[in-house]
Amino acid sequence: MRVLKRARVLQLLSEGWTVVGTAEAVGVTQTTVRTLRRRYRDEGLNAALHERPRPGAARLLTERQASEVVAMVCAPPPEGRARWTVRLIAQEAVRRGLVAKVGRETVRELLLRHDLKPWREKMWCVPELNAQYIERMEDVLELYARPLCPDEPVVCFDERPVQLLEWVRPASSACPGREARQDYAYFRCGTANLFCAVEPKAGWHFVKATANRKSEAFAEALHDIASHYPDAKTIHLVLDNLSTHSCRALEVRYGMRAGRRLWRRFTVHFTPVHGSWLNQAEVEISLLSRQCLGKRRIPTLDKLDQETDAWERWANCQRLRIRWRFTIPKVWVRFGYDPPNFSRSEDSVGHMRGSAHGLGTRKDRVSCLSRVKAAERQPRT
């Protein structure tokens with residue numbers, strides 16, 4: 001804005017305007033107009049438009065000292081402290097002899113300059129990116145990319161535990177001018193389990209409350225899902241790697257022949273180990289937890305079943321769909337692996353070495369995975 005005003009002042013002066021008229025037109029003082037005219041005449045256009053460089057105060061930390069403090073912050077905090085704070089960083093830098101004296105504001109500016117927030121932590125599962133992980137991940141993502149087909153529905157399945165709690169004293173409801181109040185004390189009434197399934201593109205939701213997540217309960221949940229698709233040729237089922245997610249669970253519950261016959265109705269797609277984020281049932285569980293369970297205290301399994309059934313009916317009436325946007329081309333970019341040699345690129349977050357256009361078909365990806373497995377079997381030198 002200052003540069004534009006100065007340029008306007010010089011333009012009006014060049015057109016023959018007076019100092020007083022220029023100052024009133026642009027909205028600056030007459031002294032500013034005279035100063036700009038003199039600087040333009042003596043030093044040129046660039047000097048008139050821009051500020052002169054200002055030396056400013058010298059930095060309190062040298063480059064070496066700043067690097068040492070940053071390295072200290074990136075390391076674990078001292079014994080007895082859970083996390084770094086600005087005050088603790090300043091104290092430890094002096095105690096370790098990195099600097100003679102440093103203030104909290106200097107530390108704050110240093111952290112801001114290096115985009116460091118050592119008091120924050122993010123939980124993140126770092127998988128082992130091997131051939132099996134890539135194969136399962138791309139298999140699930142390719143399944144999600146298929147169009148909606150009633151003969152071959154895609155169902156994502158998962159479970160979550162629920163703690164049953166009872167009020168010690170009843171909560172008071174809200175009234176005008178006062179929010180609802182609840183006591184912090186509670187009775188523990190055991191635990192329960194919720195089996196959740198969703199057909200993302202059709203908007204079908206399934207929730208089943210059970211006392212536990214043992215193999216018998218899992219088998220009954222699959223039986224209910226299969227009953228919803230009596231005419232389907234096969235049901236594509238996305239599962240994680242829980243030990244009960246197997247044909248054996250159905251055989252124990254319904255017998256050898258009936259269990260295997262029920263299991264054959266499904267085409268199971270297992271997510272990779274440490275890859276449960278690929279299961280869209282996680283989105284379903286999050287939606288159920290926020291919209292139905294919330295922070296309420298549910299004391300019994302019957303009450304839990306009643307509440308989840310009501311939410312299931314509402315969700316199916318609304319036909320809530322999940323829009324999955326993570327695709328196989330985005331996987332290549334996100335993970336940044338080199339398919340022939342199966343090695344991560346230097347910047348695995350933003351770029352992938354080579355072109356991703358050569359792996360467009362399923363046949364090409366299977367060929368790529370075979371080369372990956374062959375490379376893994378070769379002895380390392």
Mind checking the [atom1]-[atom2] spacing from [X] to [Y]? Nearest 0.5 Å is all I need.
X: Gln163; Y: Arg297; atom1: CD; atom2: CZ; value: 10.0 Å
X: Glu159; Y: Asn212; atom1: CD; atom2: CG; value: 11.0 Å
X: Thr271; Y: Leu141; atom1: OG1; atom2: CG; value: 11.0 Å
X: Glu199; Y: Arg321; atom1: CD; atom2: CZ; value: 10.0 Å
X: Glu179; Y: Ser172; atom1: CD; atom2: OG; value: 9.0 Å
X: Leu110; Y: Arg108; atom1: CG; atom2: CZ; value: 11.0 Å

Closest contact, heavy atoms only, [X] versus [Y]:
X: Val33; Y: Val28; answer: CG2-CG2, 3.8 Å
X: Arg178; Y: Ser173; answer: NH2-O, 3.9 Å
X: Ala100; Y: Val94; answer: O-CG1, 3.9 Å
X: Trp119; Y: Val86; answer: CZ3-CG2, 4.2 Å
X: Cys196; Y: Glu284; answer: CB-CG, 4.1 Å
X: Ala174; Y: Ala180; answer: CB-N, 3.6 Å

Quick one: does any side-chain atom of [X] pair with a main-chain N or O of [Y] as donor and acceptor, under 3.5 Å?
X: Asp158; Y: Ala197; value: no
X: Arg253; Y: Ala219; value: no
X: Lys330; Y: Arg325; value: yes

With a 4.0 Å cut-off, would you call Glu43 and Arg39 a salt bridge?
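No.
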Do the side chains of Arg296 and Glu307 get close enough for a salt bridge, i.e. N-O under 4.0 angstrom?
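Salt bridge present between Arg296 and Glu307.
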Heavy-atom side-chain contact between [X] and [Y] under 4.5 Å:
X: Val19; Y: Thr22; answer: no
X: Asp224; Y: Phe206; answer: yes
X: Thr327; Y: Val331; answer: no
X: Leu194; Y: Leu288; answer: yes
X: Leu237; Y: His269; answer: no
X: Trp311; Y: Val207; answer: yes
X: Arg213; Y: Phe195; answer: yes
X: Cys189; Y: Thr300; answer: no

With sequence neighbours left out, what residues match Arg169 under salt bridge (Lys or Arg N to Asp or Glu O under 4.0 Å)?
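Partners of Arg169 under the salt bridge (Lys or Arg N to Asp or Glu O under 4.0 Å) test: Asp183.
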Test of ring centre spacing under 6.0 Å for [X] and [Y]:
X: Tyr254; Y: Trp263; result: no
X: His236; Y: Phe266; result: no
X: His245; Y: Phe218; result: yes

In the single-linkage hydrophobic clustering (I, L, V, M, F, W, Y; side-chain heavy atoms under 4.5 Å), do Val268 and Leu250 co-cluster?
yes
Kindly indicate, with the supporting measurements, whether the criterion side-chain contact (heavy atoms from CB on, under 4.5 Å) is fulfilled by Val99 and Leu61.
CA-CA 8 Å; Val99 294; Leu61 299 178; 3.4 Å; yes
Between the side chains of [X] and [Y], does any donor sit under 3.5 Å from an acceptor?
X: Asn316; Y: His205; result: no
X: Thr234; Y: Arg265; result: no
X: Asn241; Y: Arg136; result: yes
X: Glu24; Y: Trp17; result: no
X: Trp277; Y: Glu282; result: no

Within 6.0 angstrom of [X] [atom1], more than 12 heavy atoms from elsewhere:
X: Arg104; atom1: CZ; answer: no
X: Arg323; atom1: CZ; answer: no
X: Glu51; atom1: CD; answer: yes
X: Arg113; atom1: CZ; answer: yes
X: Arg146; atom1: CZ; answer: yes

Carefully, step by step, assess Asn193 and Thr210 under the rule side chain to side chain donor-acceptor pair (under 3.5 Å).
CA-CA 5 Å; Asn193 177 73; Thr210 59; 3.3 Å; yes
For a side-chain contact (heavy atoms from CB on, under 4.5 Å) check, start with the C-alpha distance between Ile89 and Val102, then their side-chain angles and the critical distance, and finish with the verdict.
CA-CA 9 Å; Ile89 294 171; Val102 65; over 6 Å; no
Ring of Trp204, cation from Arg319 - is the NZ or CZ under 6.0 Å from the centre and inside 45° of the axis?
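Output no; distance or angle outside limits.
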Tell me, with the steps shown, if His228 and Ile225 meet side-chain contact (heavy atoms from CB on, under 4.5 Å).
CA-CA 5 Å; His228 184 74; Ile225 294 174; 5.7 Å; no
Listed by chain and number, what are the side-chain hydrogen bond (donor to acceptor under 3.5 Å, both in side chains) partners of Thr32, not counting sequence neighbours?
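By the side-chain hydrogen bond (donor to acceptor under 3.5 Å, both in side chains) rule, Thr32 matches Thr29.
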List the steps, then state whether side-chain contact (heavy atoms from CB on, under 4.5 Å) holds for Lys214 with Thr244.
CA-CA 7 Å; Lys214 293 182 179 180; Thr244 56; 5.8 Å; no
Across all chains, not counting sequence neighbours, the side-chain contact (heavy atoms from CB on, under 4.5 Å) partners of Gln318 are Trp314, Leu320
